[in-house]
Amino acid sequence: MTKKYDLSSASLHILAMFFMFCDHLWGTILPWEWLTCVGRLAFPIFAFMIVEGYYHTHNLRRYILRLLILAILSEIPFNLLYVGTLFYLFHQNVIWTFLIGLLLICLIEHSKKSGKKWIVCLVSFAAIVIGFLAGFVVISDYYGTGVLTVLVFYFFRGRKWWNFLGQLICLYVINFEMLGGLYYPIILFGHEFELLRQGLAILALIPIWLYRGRQGYHTKAFQYFCYAFYPVHMLLIVLVWKSLLHS
């Protein structure tokens, strides 16, 4: 009997953290273009894990509270990395994006208690509109498109063909049409093509689709490490970056 290869939740977290680290290194210490290309894969994986976190958490309120605390604690490290100041009101860290998405999922799930499909459809549509606008109002990282990415993995959660197709189409629209960005010329087999950097985010679906619900390595220490990684790695990068600039 052939054993199916899959990625655990722990493996996805480690991959996403590595991709994010690469992206932040490019923006500061190492100006290597391939680092930010690799970094494009981080956000969709984190967005996917937020949805999985909703379904697998033992305490939803604590899950929301942990994200809220993390968002607050990450503001200063994010500001230092993003603009070099302690306070900056015009762009917030990505945890706020995830928090908005998670709260909207809670709202949609609550509407299902009514037992009426029209109410669920109405609330779901409202959540999409509110989430998209909220991302821009809060000015959180990835803005409204980031919130939509979280909702995509919520609405198309599952392993049926139409779940995969929905994720693929939606991520294409979000990353190629809505976000866009810089194009880079590449030559393959003697022909020149233009590569959209943000479009590489769609490749995150490969490790996401290899996930089959297995938790993998899990301890309290590892859980806290995953939460702490975001603010701590930004602080460390800032410290190294500043020391290099003054050396």
**Asked** If we only count heavy atoms from C-beta on, is the L179 to Y142 side-chain gap below 4.5 Å?
**Response** yes

**Request:** Start with the C-alpha gap between E109 and Y55, add the side-chain angles, then the distance that decides, and say whether side-chain contact (heavy atoms from CB on, under 4.5 Å) holds.
**Result:** CA-CA 11 Å; E109 286 293 314; Y55 284 101; 3.7 Å; yes

**Prompt:** Of the non-hydrogen atoms in Y227 and R66, which two are nearest, and what is the gap between them?
**Reply:** OH-NE, 3.1 Å

**Asked** Which atom pair, heavy atoms only, marks the closest approach of G39 to D23?
**Response** CA-CB, 3.7 Å

**Message:** Donor-acceptor check, side chain of S11 to backbone of L7, threshold 3.5 angstrom: yes or no?
**Reply:** no

**Whether D6 side chain and Y211 backbone form a donor-acceptor pair below 3.5 Å** = no

**Request:** Report the distance from atom CG of L89 to atom CD of E75, rounding to the nearest 0.5 Å.
**Result:** 9.0 Å

**Prompt:** Any chance the rings of Y154 and F48 have centres within less than 6.0 Å?
**Reply:** no

**Request:** Check L151 against G101 and note the closest heavy-atom contact, atom names and distance.
**Result:** CD2-O, 4.3 Å

**Prompt:** Do you know the tightest heavy-atom contact between S140 and I100?
**Reply:** OG-CD1, 4.4 Å

**Nearest heavy-atom neighbours spanning A47 and V150** = CB-CG2, 3.9 Å

**Complete:** side-chain contact (heavy atoms from CB on, under 4.5 Å) filter on F136, not counting sequence neighbours, yields F132, Y143

**Prompt:** Between atom CG of L196 and atom CD of E177, what is the distance when rounded to the nearest 0.5 Å?
**Reply:** 9.0 Å

**Item:** Side-chain heavy-atom pair I237, F21 within 4.5 angstrom cut-off
**Value:** yes

**Message:** For R62, I'd like to know if atom CZ has over 12 heavy atoms of other residues, nucleotides or ligands within 6.0 Å.
**Reply:** no

**Message:** Among residues at least two apart in sequence or on other chains, which ones pass salt bridge (charged side-chain N to carboxylate O under 4.0 Å, His left out) with D141?
**Reply:** none

**Asked** Apart from V120 itself, what residues make up its hydrophobic cluster when side-chain heavy atoms of I, L, V, M, F, W and Y under 4.5 Å apart count as a link, directly or indirectly?
**Response** none

**Message:** Let me confirm one number: the CD1-CZ distance from I45 to F19, rounded to the nearest 0.5 Å.
**Reply:** 5.0 Å

**Prompt:** Applying the 4.5 Å side-chain criterion to the ILVMFWY set and letting contacts propagate, would I128 and V137 be lumped into a single cluster?
**Reply:** no

**Message:** Within the structure provided, determine whether V238 and T28 are in side-chain contact (heavy-atom separation under 4.5 Å).
**Reply:** no

**Asked** side chain to side chain donor-acceptor pair (under 3.5 Å): which pairs involve residues 124-138, sequence neighbours left out?
**Response** none

**Prompt:** Looking at F90 versus Y88, is the centre-to-centre ring distance below 6.0 Å?
**Reply:** yes

**Asked** Would a hydrophobic clustering, with Ile, Leu, Val, Met, Phe, Trp and Tyr connected at side-chain separations under 4.5 Å, put F225 with L67?
**Response** yes

**Partners meeting side-chain hydrogen bond (donor to acceptor under 3.5 Å, both in side chains) with Q223 (sequence neighbours left out)** = none

**Asked** How close do Y230 and S74 get, heavy atom to heavy atom, and via which atoms?
**Response** CD2-OG, 3.3 Å

**Request:** Check the pair V94 / F43 against side-chain contact (heavy atoms from CB on, under 4.5 Å), numbers first and verdict last.
**Result:** CA-CA 9 Å; V94 75; F43 183 83; 3.5 Å; yes

**Item:** Qualifying ring-ring contact (aromatic ring centres under 6.0 Å, His included) pairs, either residue in residues 60-86, two or more places apart
**Value:** F78-Y82, F78-H91, Y82-H91

**Spacing of CG belonging to N93 relative to CG belonging to L99, to within rounding of 0.5 Å** = 10.0 Å

**Request:** Identify, with sequence neighbours excluded, every residue that meets salt bridge (charged side-chain N to carboxylate O under 4.0 Å, His left out) alongside K242.
**Result:** none

**Message:** Please enumerate all residues that pass salt bridge (charged side-chain N to carboxylate O under 4.0 Å, His left out) together with R212, with sequence neighbours excluded.
**Reply:** none

**Prompt:** Among all residues two or more places apart in sequence or in another chain, which pass the side-chain contact (heavy atoms from CB on, under 4.5 Å) test with C106?
**Reply:** Y54, L60, I64

**Message:** Could you tell me if the side chain of S9 sits less than 4.5 Å from the side chain of E52, heavy atoms only?
**Reply:** no

**Asked** Honestly curious: do Y224 and Y217 fall in one hydrophobic cluster under the side-chain, below-4.5 Å linking rule?
**Response** no

**Prompt:** How about R157 and N163: do any of their side-chain heavy atoms sit closer than 4.5 Å?
**Reply:** no

**Request:** Consider only side-chain heavy atoms of I, L, V, M, F, W and Y, link residues closer than 4.5 Å, and tell whether L165 and L205 are in one cluster.
**Result:** yes

**Counterpart residues, side-chain contact (heavy atoms from CB on, under 4.5 Å), relative to L236 (two or more places apart)** = V232

**Message:** Is it true that, when you exclude K112 itself, more than 12 heavy atoms of the residues, nucleotides or ligands shown sit nearer than 6.0 Å to its NZ?
**Reply:** yes

**Message:** Once rounded to the nearest 0.5 Å, what's the spacing between atom CG of L30 and atom CG of L25?
**Reply:** 5.5 Å

**Prompt:** Side-chain contact, heavy-atom cut-off 4.5 Å: Y172 with I202?
**Reply:** yes

**Asked** Taking C-beta and beyond as the side chain, do N175 and R40 meet within less than 4.5 Å on heavy atoms?
**Response** no

**Item:** Point-to-point distance, once rounded to the nearest 0.5 Å, from CG of L15 to CD1 of I206
**Value:** 11.5 Å

**Request:** Please step through side-chain contact (heavy atoms from CB on, under 4.5 Å) for the pair F164 and F156, ending with a clear verdict.
**Result:** CA-CA 7 Å; F164 294 147; F156 292 102; over 6 Å; no

**Listed partners of R197 passing salt bridge (charged side-chain N to carboxylate O under 4.0 Å, His left out), at least two apart** = E33

**Joint cluster assignment, L244 & L239, ILVMFWY side-chain distance < 4.5 Å** = no

**Request:** Before giving the answer on side-chain contact (heavy atoms from CB on, under 4.5 Å), spell out for C226 and M17 the whole-Å C-alpha distance, their side-chain angles and the decisive distance to 0.1 Å.
**Result:** CA-CA 8 Å; C226 291; M17 289 187 291; 4.0 Å; yes

**Asked** With a 4.5 Å limit on heavy-atom distance, are the side chains of Q198 and F176 in contact?
**Response** no

**Message:** Can you list everything that forms a side-chain contact (heavy atoms from CB on, under 4.5 Å) with V123? Sequence neighbours excluded, please.
**Reply:** L107, I108, S111, I119

